[in-house]
Amino acid sequence: MLTDCPACKKKISDKADICNHCGFAVKAEDAEALLRKQKMDKYQRHQSLQTQSFIAVLLFLAGFGMMYWGTPEVGSTQHSIAILVCVLGFIWYLINRVRILLTKRNKFFG
Ligand SMILES: [Zn+2]
């Protein structure tokens, strides 16, 4: 398969390590760009997980507040929804913590 050399834009084989027209190290450039992209992806994933953890905490607090706001009866709709929101927020928070730990471990070993 043919690809464009990033330096001289001529057609070269995608199997070639260097461009046979200008001698540009195609593969080295690829590897570097790929590594940068992977680091960026990992960073963005981590940021997104932290945002989700934050929303999960807000959800948990909202549910907690709802449970006591106006002191609803146990078994009433408001009380049931409040517990549900609390539990969902808590579980979502835990899932995000685990996922953050996993991305950190990947960074450590990778
Ligand atoms: Zn070239």
Side-chain angles (χ1 to χ4, degrees):
M1 213 188 123
L2 289 177
T3 180
D4 289 332
C5 168
C8 68
K9 311 289 178 205
K10 283 178 183 163
K11 296 281 176 201
I12 52 163
S13 164
D14 61 358
K15 300 276 192 293
D17 289 343
I18 55 162
C19 174
N20 52 0
H21 304 287
C22 68
F24 184 77
V26 183
K27 281 284 149 60
E29 183 72 9
D30 265 8
E32 227 172 74
L34 207 68
L35 203 70
R36 248 198 321 269
K37 194 186 175 304
Q38 277 176 346
K39 270 185 187 168
M40 191 51 112
D41 282 353
K42 206 172 270 183
Y43 175 75
Q44 279 171 346
R45 201 157 55 227
H46 189 243
Q47 286 296 104
S48 143
L49 284 173
Q50 277 187 327
T51 306
Q52 285 183 52
S53 301
F54 182 67
I55 296 169
V57 169
L58 286 183
L59 203 66
F60 177 78
L61 290 177
F64 206 76
M66 204 175 158
M67 214 186 289
Y68 292 101
W69 181 69
T71 52
E73 274 180 56
V74 176
S76 68
T77 310
Q78 186 187 330
H79 197 264
S80 306
I81 291 173
I83 289 175
L84 194 72
V85 169
C86 251
V87 169
L88 279 179
F90 186 66
I91 292 172
W92 195 18
Y93 178 77
L94 283 184
I95 290 172
N96 280 310
R97 290 318 297 179
V98 170
R99 287 168 73 195
I100 286 171
L101 277 179
L102 287 177
T103 50
K104 271 185 187 159
R105 203 160 66 186
N106 283 348
K107 200 186 282 174
F108 187 71
F109 286 110

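Keep in mind that what you see is a predicted model, and the values were worked out from it rather than measured.
- Going from atom CG of Leu102 over to atom NE2 of His46 covers 11.0 Å, rounded to the nearest 0.5 Å.
- Here the closest non-hydrogen pair linking Gln78 and Trp69 is NE2-O, 3.0 Å.
- The shortest side-chain heavy-atom distance between His21 and Cys5 does not fall under the 4.5 Å cut-off.
- Under the 4.5 Å side-chain heavy-atom criterion for ILVMFWY residues, no single connected hydrophobic cluster contains both Val85 and Phe90.
- Under the 4.5 Å side-chain criterion, counting only non-hydrogen atoms from C-beta, Phe24 is in contact with Pro6.
- For the residue pair His79 and Pro72, the shortest heavy atom distance occurs at CD2-O, 4.0 Å.
- Residue-environment remark: CD (Glu73) stays at or below the threshold of 12 foreign heavy atoms within 6.0 Å.
- Atom CG of residue Leu58 and atom OG of residue Ser53 lie 11.0 Å apart, to the nearest 0.5 angstrom.
- Here Met40 contributes atom CE and Leu35 contributes atom CG; the two are 12.5 Å apart, rounded to the nearest 0.5 Å.
- Under the 4.5 Å side-chain heavy-atom criterion for Ile, Leu, Val, Met, Phe, Trp and Tyr, Val87 and Met67 are members of the same hydrophobic cluster.
- Taken to the nearest 0.5 Å, the CZ atom of Arg97 stands 13.5 Å off from the CD1 atom of Ile95.
- Asp4 has no carboxylate O lying under 4.0 Å from a charged side-chain N of Lys10, or vice versa, which leaves the two without a salt bridge.
- At a threshold of 4.0 Å, the pair Lys37-Asp41 counts as salt-bridged, since one of the basic side-chain nitrogens sits closer than that to a carboxylate oxygen.
- A single hydrophobic cluster is not seen to contain both Trp92 and Val57; linkage of ILVMFWY side chains at heavy-atom distances under 4.5 Å, directly or through other members, places them apart.
- We find the CE-NZ distance between Met1 and Lys11 to be 9.0 Å, quoted to the nearest 0.5 Å.
- Taken to the nearest 0.5 Å, the CD1 atom of Ile55 stands 12.5 Å off from the CD atom of Gln50.
- The shortest side-chain heavy-atom distance between Leu59 and Tyr93 does not fall under the 4.5 Å cut-off.
- Between Cys8 and Cys22 the shortest heavy-atom distance is SG-SG, 3.8 Å.
- Shortest non-hydrogen contact noted between Ser80 and Gly75 is OG-O, 3.9 Å.
- Tracing side-chain contacts under 4.5 Å through hydrophobic residues (I, L, V, M, F, W, Y), one never reaches Ile91 starting from Leu49; they form parts of separate clusters.
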